[in-house]
Asker: 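Handing you this structure, nothing more for now.
Only this structure's heavy atoms are used, side chains among them; waters, hydrogens and symmetry mates stay out. Just so it is clear, the model here is predicted, and its values are computed rather than measured.
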Amino acid sequence: MIDKNLEKRLANLRTANEESKKITRESIQTALINLMSTKEFEKISITELVEKSGVSRAAFYRNYKNKEDVLKDFSLNILRIIVNSLSDPNLKDNLLEWFKLFFTSIKMNRKTIQLIFKAKINIYEYMIESGLVVNREYTKVDEYNVVALIAGLIAIATKWYNNDFREPVNDMANLTYNLYKDLKSIF
């Protein structure tokens with residue numbers, strides 16, 4: 001039997017390590033975003049990234065394989081925030097409100113979305129690969145409907161972004177609702 005004090009110290013150590021890892025990852029992500037605001041993603045070096053973030057090269061490689069992984073992690077965090085904001089059970093039966101919240105979230109995170117687009121990130125691939133959007137069992141038909149919905153939403157959001165958000169959120173929500181209203185079963 002392990003000593004209770006030892007168990008508690010080990011648990012505290014694990015918590016501290018996780019917190020340290022989280023801070024390191026956030027520092028690297030913040031540094032990358034700051035660098036991307038003044039420089040093309042492709043021209044940013046790992047050396048610049050670790051200097052700007054204040055972490056060691058070893059700490060960088062303990063957390064990420066390359067700068068693409070940093071951007072992927074950051075992008076997924078932003079997408080997770082958007083997807084989670086759409087997970088309100090009250091919206092389950094109100095697809096129009098869900099779309100309003102979706103476009104509002106996109107517009108509110110426009111600067112971050114701009115960096116993701118600028119870096120030519122494949123948002124669709126990230127969302128599917130991470131399992132971010134598929135959180136339950138679907139029939140084969142629903143699975144393809146989900147893929148079509150995601151690809152379509154990303155294309156619509158990209159077009160809206162490229163149009164500098166000219167159309168109001170409500171117009172975008174209504175347009176999208178009319179396109180997807182028959183897919184309510186996949187929500």
Side-chain angles (χ1 to χ4, degrees), residues 25-26 29-30 32-44 64 66-187:
R25 291 172 79 91
E26 286 174 358
Q29 289 174 19
T30 300
L32 180 61
I33 297 310
N34 286 334
L35 287 168
M36 284 176 63
S37 66
T38 59
K39 193 173 190 176
E40 290 180 34
F41 176 74
E42 297 79 20
K43 295 182 179 178
I44 298 171
Y64 298 107
N66 50 42
K67 66 182 183 181
E68 287 77 10
D69 277 356
V70 178
L71 192 55
K72 182 178 182 179
D73 192 27
F74 175 76
S75 299
L76 285 174
N77 286 341
I78 295 302
L79 294 172
R80 197 172 283 112
I81 289 167
I82 292 170
V83 169
N84 287 343
S85 73
L86 303 172
S87 298
D88 183 341
N90 297 323
L91 298 177
K92 184 170 178 22
D93 295 321
N94 194 337
L95 192 56
L96 181 59
E97 288 303 314
W98 189 92
F99 284 125
K100 285 179 185 176
L101 186 55
F102 172 78
F103 286 105
T104 299
S105 297
I106 295 292
K107 195 168 186 178
M108 284 175 36
N109 290 286
R110 73 187 319 154
K111 290 194 185 291
T112 303
I113 300 294
Q114 179 182 23
L115 293 175
I116 292 169
F117 284 149
K118 187 176 167 184
K120 298 174 180 75
I121 294 300
N122 186 336
I123 297 169
Y124 170 77
E125 183 180 295
Y126 283 3
M127 290 178 80
I128 296 297
E129 182 182 302
S130 71
L132 193 58
V133 293
V134 181
N135 56 8
R136 64 182 174 102
E137 291 293 319
Y138 292 105
T139 67
K140 194 52 94 175
V141 171
D142 281 350
E143 191 175 314
Y144 282 102
N145 284 338
V146 169
V147 169
L149 173 67
I150 295 165
L153 280 176
I154 290 169
I156 291 167
T158 301
K159 174 79 172 154
W160 189 47
Y161 164 82
N162 289 335
N163 286 340
D164 199 30
F165 303 106
R166 267 185 267 157
E167 297 83 4
V169 165
N170 285 343
D171 289 359
M172 293 304 299
N174 283 318
L175 173 130
T176 309
Y177 173 78
N178 287 325
L179 288 171
Y180 291 111
K181 63 185 171 195
D182 294 333
L183 296 178
K184 288 181 182 179
S185 67
I186 65 174
F187 287 92

Asker: Just so I know, are the side chains of Leu175 and Phe99 near enough to count as touching, which here means a heavy-atom distance under 4.5 Å?
Answerer: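 No. Closest side-chain heavy atoms not under 4.5 Å.
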Asker: For residues Leu32 and Leu71, report the shortest heavy-atom separation together with the two atoms involved.
Answerer: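 Smallest heavy-atom distance, with atoms named: CD2-N, 3.8 Å.
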Asker: With a 4.5 Å heavy-atom cut-off, do Arg166 and Asp171 have their side chains touching?
Answerer: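 The answer is no; the side chains never approach within 4.5 Å.
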Asker: So which heavy atom on Asp164 is nearest to which on Arg110, and how close?
Answerer: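 Closest pair (atom of Asp164, atom of Arg110, distance): OD1-NH2, 3.8 Å.
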Asker: State whether the side chain of Thr176 and the backbone N or O of Ala173 hold a donor-acceptor pair below 3.5 Å, judged by distance alone.
Answerer: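 Answer holds: no.
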Asker: To the closest 0.5 Å, what do you measure between NZ (Lys43) and CE (Met36)?
Answerer: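 Result: 14.0 Å between the selected atoms.
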Asker: State the CG-CG distance between Asn178 and Leu95, to the nearest 0.5 angstrom.
Answerer: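 Between atom CG of Asn178 and atom CG of Leu95 there are 10.0 Å.
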Asker: I need the Ile106 CD1 to Ile156 CD1 distance, nearest 0.5 Å.
Answerer: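 Separation between the atoms: 11.5 Å.
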Asker: So, Lys67 side chain and Phe41 main chain: donor-acceptor pair closer than 3.5 Å or not?
Answerer: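 Yes, Lys67 side chain to Phe41 backbone: donor-acceptor pair under 3.5 Å.
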Asker: What distance do Leu35 atom CG and Thr30 atom OG1 have between them, rounded to the nearest 0.5 Å?
Answerer: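 If I round to the nearest 0.5 Å, the distance is 11.0 Å.
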Asker: Does Arg25 count as lying over the ring of Tyr64, i.e. NZ or CZ under 6.0 Å from the six-ring centre, within 45 degrees of the axis?
Answerer: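 Because its charged atom sits under 6.0 Å from the ring centre and within 45° of the axis, Arg25 does stack over Tyr64.
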Asker: Find the distance between NZ (Lys39) and CG (Asn34) and round it off to the nearest 0.5 Å.
Answerer: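 Between atom NZ of Lys39 and atom CG of Asn34 there are 13.5 Å.
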Asker: After noting the C-alpha distance and the side-chain angles of Lys107 and Trp160, does the key distance pass the side-chain contact (heavy atoms from CB on, under 4.5 Å) rule?
Answerer: CA-CA 10 Å; Lys107 195 168 186 178; Trp160 189 47; 3.9 Å; yes
Asker: Nearest 0.5 Å, please: how far is CG in Leu153 from OG1 in Thr158?
Answerer: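 Rounded to the nearest 0.5 Å, the OG1-CG separation comes out at 10.0 Å.
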Asker: Quick one: does any side-chain atom of Asp73 pair with a main-chain N or O of Asp69 as donor and acceptor, under 3.5 Å?
Answerer: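 Absent.
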